Peer 1: 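Below is one structure. I have some questions about it.
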Amino acid sequence: MRVLAMLDGTLADADGPLIRADDLGLLRGDGVFETVLVVDGRPRELGPHLDRLTRSAAMLDLPPPDRAAWERVTQVVIDAWDAPGEMALKLVYTRGPEFGDGLPTAYALGLPIGAKTLENRVGGVTAVSLDRGFDPAIVERAPWLLLGAKTLSYAVNMAAMRYAASHGADEAIFVASDGSVLEGPTSTVVVVSGREMRTTPPSSGVLAGTTQGALFRAAERAGWTTKVEPVQRDDLDSADGVFLASSVRKITRVRVLDGVAMPECEPLHRELSALYEAEYAT
Ligand SMILES: Cc1ncc(COP(=O)(O)O)c(C=O)c1O
């Protein structure tokens, strides 16, 4: 099932035409988006998702998103969704048509979660590390690269996923040219050693993950140490567990990295998943 609604709350035909041929989101990937997980009719981390949408829009000089309208349209899609299971809710905000009235294109689209994603949540994934071709120091020097903004320009991210697949892996982990770990093409990397969790800081040019944020919040309350600091590629080899976190993946464990089996960490995965799920257990 799919549900589509425009930002003003009007439901639209999810199978019908929507985007103008000259929309800059389509022509140039000039826009931003979010993917929110909805479970049992409740959106997870909607506040942090809208915060990030606002930050991303500001980095692209798009008009500030109307937060109340995005909250309303989220509910419109949730109310119209009557399929069992979870929903991935895309919030899409583009610069609009090239020769239009200057207003952004804005809509929300509810989609099911792919079968492979659901499978990987349980069984874990194989991953390869791939050079992302930049040094984290570039983030400050070159704001036009939009590192840290969740833009619609995901062709490189999708190419990395296809490259990983063509080399027999389910996932990719981007590494910077200084040897530090960045993120997955659509996920945050979380590294666990003992009772400590670490992830790469947004200042290195990665997205601030809402799922990782929720996990770290829960973990801190449960007595874990959490650190947001640079992680080296070599640190992954000596970790007790490496996990990919994202709204649709939840917390997925990496079983094999660059062809080498990681330590068996199913109990650790269960513990992290329980911490994350407990955030939404009321
Ligand atoms: C590049 C990138 N990093 C990290 C994430 C994880 O973010 P979140 O946990 O908010 O879904 C995503 C999500 O799609 C992403 O595209």
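Atom set for the values below is all heavy atoms of this structure, side chains included, hydrogens, waters and symmetry mates excluded. First listed ligand is number 1; within each ligand, the first listed atom is number 1. Just so you know, these numbers come straight off a predicted model, no measurement behind them.
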Peer 1: Applying side-chain contact (heavy atoms from CB on, under 4.5 Å), can you list everything that pairs with L130, at least two apart in sequence or on another chain?
Peer 2: V128, A160, Y163, A172, F174
Peer 1: Would you list the pairs meeting salt bridge (charged side-chain N to carboxylate O under 4.0 Å, His left out) in which at least one residue belongs to residues 16-27, sequence neighbours left out?
Peer 2: R20-D22
Peer 1: May I ask you to decide whether D8 forms a salt bridge with R72, counting only side-chain N to carboxylate O separations under 4.0 Å?
Peer 2: no
Peer 1: Distance under 4.0 Å, heavy atoms only, partner ligand 1: which residues pass?
Peer 2: H49, R52, K150, Y154, E183, G184, P185, T186, S187, T188, L207, G209, T210, T211, A245, S246, S247
Peer 1: Does the pair K90/E34 count as a salt bridge with the N-to-O cut at 4.0 Å?
Peer 2: no
Peer 1: Between D135 and R141, does at least one N-O distance fall below 4.0 Å, as a salt bridge requires?
Peer 2: no
Peer 1: Could you work out, with side-chain contact (heavy atoms from CB on, under 4.5 Å) as the rule, every residue matching A155, not counting sequence neighbours?
Peer 2: none
